Every structure is written in structure tokens, then in C-alpha cells.
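Since the structure comes first, as C-alpha cells, the remarks are kept for the end.
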Number of protein chains: 4
Amino acid sequence: MSRQPDKRTAILLATLKLIAERGFHGTPTSMIAERAGVGVGTIYRYFKDKDQLIHTLYEELEAKNKAFVYQGYEEERPVLDRFQHLCRNIYRYLLANPLEFRFLEQYFDSPYGVAKMRQKLDSAGEPFHALLKEGKRQGLVKDMPPTLLFGLIFGPMINVIKDHDSGLLKLDEVLLERLIEATWDAIKK
Amino acid sequence: MSRQPDKRTAILLATLKLIAERGFHGTPTSMIAERAGVGVGTIYRYFKDKDQLIHTLYEELEAKNKAFVYQGYEEERPVLDRFQHLCRNIYRYLLANPLEFRFLEQYFDSPYGVAKMRQKLDSAGEPFHALLKEGKRQGLVKDMPPTLLFGLIFGPMINVIKDHDSGLLKLDEVLLERLIEATWDAIKK
Amino acid sequence: MSRQPDKRTAILLATLKLIAERGFHGTPTSMIAERAGVGVGTIYRYFKDKDQLIHTLYEELEAKNKAFVYQGYEEERPVLDRFQHLCRNIYRYLLANPLEFRFLEQYFDSPYGVAKMRQKLDSAGEPFHALLKEGKRQGLVKDMPPTLLFGLIFGPMINVIKDHDSGLLKLDEVLLERLIEATWDAIKK
Amino acid sequence: MSRQPDKRTAILLATLKLIAERGFHGTPTSMIAERAGVGVGTIYRYFKDKDQLIHTLYEELEAKNKAFVYQGYEEERPVLDRFQHLCRNIYRYLLANPLEFRFLEQYFDSPYGVAKMRQKLDSAGEPFHALLKEGKRQGLVKDMPPTLLFGLIFGPMINVIKDHDSGLLKLDEVLLERLIEATWDAIKK
DNA sequence: AATGAATGAGAGTTCATTCAT
DNA sequence: TATGAATGAACTCTCATTCAT
């Protein structure tokens, strides 16, 4: 048929869209193949099985996400600036990519992603982790376990974006800034 | 064989446990029946189908939950007191009933519960809703859409409890109070 | 509950109605019990199993039918008169009892009744059988195997009544007489 | 396993045989698959569900049947000739294909086929319909509703073939001609 | 005698995965 | 390398039948 330059990408994209739209159990491999414009068997040339396809999709999305979030991040700026910068970026990324958000949400809430999630957020190597640590040292941020601080930051984020995507709420630039401010209020000393 | 006094309850309990453990799609009706110590057919004497079984389980849990949460709630106390009271109760309930938390989480994140959740939290009739409204009127709470305030309150809650249940975090009374305080910081003016 | 004077009869009647309405496979025993106003278990006090219930119903209907058909039948009248008399009675009975017709039709066309049907129609003892034999002897009726003559008589009957019951055709007294006449034309020499 | 060149045909054939032998409700899909030498899932590659499989089988049989019946039919021949021609062809077809007869019988007597049957036989477009109309116009055929005439023709046919297939009757060429003659006697003026 | 809650065999259907082409 | 026809395990649900009350 048409010259598919990269079937692997087509499969991943189809998977993203379909799972965002219909959930894991609503998207059979045959449907993914159809949407991707490839044969069912082809999926198994690029991925061991359906699970691995989904894990791989997650990894790629994660990398893309991270690249975006830390873009323009400057270690030497004040803590609050950096906090706002990171939050803004995350919000913007997820609002701009609702499909990815829907997918990630499902991924983390399913047996697939339970393990993955924490390994990501809590890894001490993360700049965000380091930022909070520094904030605490400077006496700006509440002296709480990082996991709890993360909960105070990412918890609202997930909720609010979900509501935005479902139309319950209209997030604009102004509201976003106020939201980030409120999040800072929650963690600041 | 064994004289089960209340098979309906046994089925609901088995469903709760299994779905909390393994998710919706990981728990076939045959497994529920086995765990409940009844025949497969018996499930269908009490519930029209699997969907209805799950809805019913949700309804019953919801009622139990609500009864607990609004227990000892007094309209005439100050806004902050009432806020703390409700938050405390919700946290305590969910921490004491991790299976139910796990189930509700799945329920709300699945096609089953999307509609239900907001209808519940955002409905103007809810005391929590009224409380925030009053807080705003008194100039104590930020002037934001209620949906956003809910996100700032329940977002951290869901995250933190999940982390507690998965062992990532050890929540004690002290930490809980500090968490509720931080949540208040987020929404207070 | 209400004083059921004859549960057995109630069960048979419910079975007749339901099977006529919905077919064998559309009528579970539970439905029969409900319609009959008895418990499911009660059916099994009167009948060994569902098959036997249906066979019994057939037998009773058959007896009732036969009693009606041979009513007023006089051996000494001319062959044609007797033929018309019997046909008229059968037609009238089946038209007056569409439920029974529906049931019998299903019964004969199912594994249940294949054997039964012939045992009935071809038994040499039947007056109808004797009538045709006499008609042949008198040179009034075609010299064909009785089975074939029966086909020429009962075949149209079944078809026409089915069409009448389904509303495709409106049978009145006049049309009925013409139909019986046509049937006689088919078998007469 | 075995290289089946046409599984679809194998499935249809197995369905025909089994339903003729055992009725609709006596033939589970698993049995069809086994008899056809395919996996259960394969049935669903070719047919949406069991109903559609059966409808399709009917359509194909019907087409084959019709092709045979109207073979050699010449509009310009006399009415009686044409009547005999069609009857002969139908009889021959059904006698030569007892499985198809058994299947069609079941199909028409089940919820599947009620609508189909009349739509077919009575539709004004059918040559048989036109033939009877012409016969009436020429004063050869009794002035009765077509439905009734159809009953007089097809009623005996169904009965007699059933008896032949069940061994109650041995139809040969001679008997067949006499039967067609008798049918004509029934409808002729 | 009458009941109906309980049962599990068996129904129709789906879908991740394989493999001959 | 790419395909999609073929598969059967596993799913949800039905219903004739049993048996303790």
C-alpha cells in the first residue's frame, strides 16, 4: 500500500490514541494494527507482546515529556522561580498533549504502571527532587518527606488537568498561575 | 455445601478484595464466585450482571463512607475547624480501609465511575461544597472555581494515600495533621 | 398465596401459552413457574423434567383435540359428508385454539414430536384412516398411499391456519368451505 | 493443521448438516467448528455471529434452490405445463437435497425465517405468483386468494417430502406425477 | 406437598498470539 | 520484512435441575 516510512512509530501512535480514547481493554491489537495501517502480525515484529508495546510507549512518552519539562531550566535561579518554571512546563505539556495525559493516567493506575511511577518521581537524581531539597535547606519549603511534597504538587495537577480535559473546568493562563501559586502555598513554610 | 448465611455479602466482599488486588479486568466472575465460596450462577441471582455488581458495591461503599465522613460534623463550628474535621475523617476512613480506597480509585478511573465522581464531590448539596462557599464568603478561602479547590484538596489526598498503601510513605497522626494544614495553606487566602 | 386448586393444570396451561408465544427455547422453566403462580420446584413434583412436561402437554391436547374432531361423527353417512365433517371440525378446532395450534406445530417440528406425529396420523385405527380407505374402495378417492392422501389434506390445513393466525389471510366460513372443497378435489378420483 | 482450501464453505456445510440433524438449539458453535475441522474462533472470522451464519446459509441455499427451480422455465408455455414444470423442479430439488429441506423447514418455522418465507413466496415479482394470476385470468385456476392457493400447493409438498425423508413413504417418478396432478386438481377450477 | 436459593455445565463470543506464506 | 487467517483459552451469562427447609 502506501509507503509507511516507519511502521514502529505508526503503531506507537495508534496505540497512544486508541488507549487514550478507549482504555487498555477497549483496544484490541487488531484495532491498533488497523489504525496504524499495518498487519496485526507486524506489531509482533517490533514488540514482544502487547504489554511490551505499552511499556515502550510509556518510556518514549516519558522521555519526550522530561525533555520538555526541563527545557530552559536554570539551576542558578531562585528556588521559587525554578518551582514555577517546572510546574508551568508540566502543566503546559500535559494540557497541550491531552492524549498523552490520558494514556499516562491509565498507565499509572493500572497494574502496568504502579512500579514505574515512583521509580520516576522519587529518584533522587531528578532536578525536581533536588529543588525541593534545596528549598527545605533554605527554609522556604516545609520540612516534610519528599513523597508528601510530591503529593501536594502532583496531586492537584492530575485532578485539575483531568477536569480541564473533561470540560469541567476551563484553565487559562491566569488561573494556571494562581494554581501554581496555591501549590506553592501548600508546600512553602 | 457450607451454610453461607449471607451469600450476597460474601460476593460483594470477594469482589471488593479481588478488584482492589487485581483490577476489574483481572477478576473474572468465576474468580469472584470461588473467593466468595459460591457457584458462578449464584452471582447472577443477586446481580443482573457484572456491571451491576460493581455499581452496587460502589453504592454501598459510598454510603458507608459518607456516613463516616460526616459523622460528628457540626455546621456551627468555624470554617477551618470543619475543614479539618472533614479532611481528617476522609483520610482516616481511607487509611483504615485500603481495599475500599483501591476499589474506589479504580471505579472512578474507569468508564464505570467517571460521571459518578464529580456528581458526588461537586454537587452543590454536599456539605463540603457548602463549606468552601462559606469560606470564600468569609474571605478565608481563595476565590477560585470550586472544581479547582476540590483539586487542591483531593488531589494530594489520593496521591498520599496511594503512597501510604504502597508502603512508600508512613503516615502517622502528626504527619496527617501537617498534611491537612498544608492543604489548608493551599486553599486559604 | 391464593388457593391454587390445581397446580398441575396451571403449569400445563402456562407451558402452553408460553411455548406458543415464545417457542421452546424461549421459555425457561422459571418462566413457566412464574406464569403458573407456583415455585420452580413444584414443576418437578408433577413432571419428571421439562421434556416430560412438554410430552404430557401434547398428550392432553391431543386427546382434547380428538374428542372434539370426532364429535358428531356418524359412520353411516356418505364418505364426502364425513370427510367434510372431519375437515370442518379440525379447521374449526385449530382456528378456535390458535395457542394449541402454535404449540402442536412446534412440537411436531422439533425433536420432541417427530416420532409422535406419525404414530398418530397413520394409525389404522383412526376413523379418518378408515374413511379414506372406504373412499378408495368406493372409487371416490384416488388410489394413492394413505400417507400421500394425508399430505394432501393436512398439508394445506397447516399452511393455511398458520397464515390465518399470522394475519396474512382472513379465513371466514365461506372461504373455509371452498378450501375443504379444494382439498376434496385434490384427493377425489 | 490440514490445509483447508475453503474454511468458509466447510463451516456452512457443517452448519447445514448439523442443523438438519439436530436443530438450531442442538448445535452449538463448538460442534459446528469441530465438524468443519476448524477452530471455534474461525467461525467468527467469516460470520458476525451464529445468527448471521444461519441467515447466510439460508441465503445461499435459497439462491441455489431458486436457480434450480426456474431452470428451463418458459413463460410462453401453457399454464398447466409451467405449473407442472415448477412443481416438478421444486420436488426434485428438495428430494435430492434432504439436508437442505430439513434446514429450510427449520428456518421457516423459527423466529429466523417467519418474515422471509412469505416475502419470498408471495412476492408479486415471483414467476410462481404471476403464473397463478395468469391461471386465474384464463379461468383455469380457482378464484381464491393467492395465499390460499400457495397453501394448497406447498402444504402437501412439505408434508410429503418430510414423510419421504423420514422413510414413511417412497416417492418415485410415477407417484410424483400423480401428486402434482392431485395438486393441480386442488387449485384448478 | 411446596418452595426457591443454589448450582455448574455449557452456551456464544472475544482477542492476544502464532506461523505459513 | 510483513502479513492476516487461524486458533483456543478464557470470558460473561443462562437455565434445567436439586435439595434443605
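Letters A, B, ... are given to chains in the order of the sequence lines, protein chains preceding strands, and every chain is numbered from 1. Treat the numbers as computed from the prediction; the structure is a model and nothing was measured.
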Rounding to a whole Å, what distance do you find between [X]:[atom1] and [N]:[atom2]?
X: D:Y44; N: E:dA11; atom1: OH; atom2: P; answer: 11 Å
X: B:K48; N: F:dT12; atom1: NZ; atom2: C1'; answer: 12 Å
X: C:I32; N: E:dG4; atom1: CD1; atom2: P; answer: 16 Å
X: B:L53; N: F:dC11; atom1: CG; atom2: P; answer: 16 Å
X: D:R45; N: F:dA5; atom1: CZ; atom2: P; answer: 4 Å
X: C:D49; N: F:dT18; atom1: CG; atom2: C1'; answer: 13 Å
X: B:R8; N: E:dA6; atom1: CZ; atom2: P; answer: 12 Å
X: A:Q52; N: E:dA16; atom1: CD; atom2: P; answer: 16 Å

Base paired to [N] (Watson-Crick or G-U; both N/O distances under 3.5 angstrom):
N: F:dA20; value: E:dT3
N: F:dC15; value: E:dG8
N: F:dA9; value: E:dT14

Does D:F47 reach a base, just sugar-phosphate, or nothing at all? Heavy atoms under 4.0 Å.
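Nothing, no nucleic acid heavy atom in range.
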Considering all heavy atoms, the nearest D:Y46-D:Q52 contact:
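Residues D:Y46 and D:Q52, closest heavy atoms: O-OE1, 4.5 Å.
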With side chains defined as the heavy atoms from C-beta onward, is the minimum distance between A:R35 and A:M31 less than 4.5 Å?
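Side chain of A:R35 against side chain of A:M31, heavy atoms only: no contact under 4.5 Å found.
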Nearest heavy atom decides the nucleotide; on that basis, is B:Y46 or D:H25 closer to the 5' end of DNA chain E?
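Whichever sits nearer the 5' end wins; that is B:Y46.
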Here's a test of your reading of the structure: between D:T42 and B:V40, which maps to the more 5' nucleotide of DNA chain E?
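The 5'-side residue here is B:V40.
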Euclidean distance, [Y] [atom2] relative to [X] [atom1], rounded to 0.5 Å:
X: C:L61; Y: C:L12; atom1: CG; atom2: CG; result: 9.0 Å
X: D:R102; Y: D:R22; atom1: CZ; atom2: CZ; result: 12.5 Å
X: B:I32; Y: B:I11; atom1: CD1; atom2: CD1; result: 8.5 Å

Out of F:dC13, E:dA5, F:dA16, which has the shortest distance to the side chain of C:K50?
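Nearest nucleotide to the side chain: F:dA16.
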C:G26 vs B:T27, nearer the 5' end of DNA chain F by closest nucleotide:
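The 5'-side residue here is B:T27.
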Map B:T29 and A:I43 onto DNA chain F by nearest heavy atom, then report which one ends up closer to the 5' terminus.
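The answer here is A:I43.
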Does A:K7 place a side-chain N or O at less than 4.0 Å from the phosphate oxygens OP1/OP2 of F:dT3?
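For F:dT3, OP1 or OP2 has a side-chain N or O of A:K7 closer than 4.0 Å.
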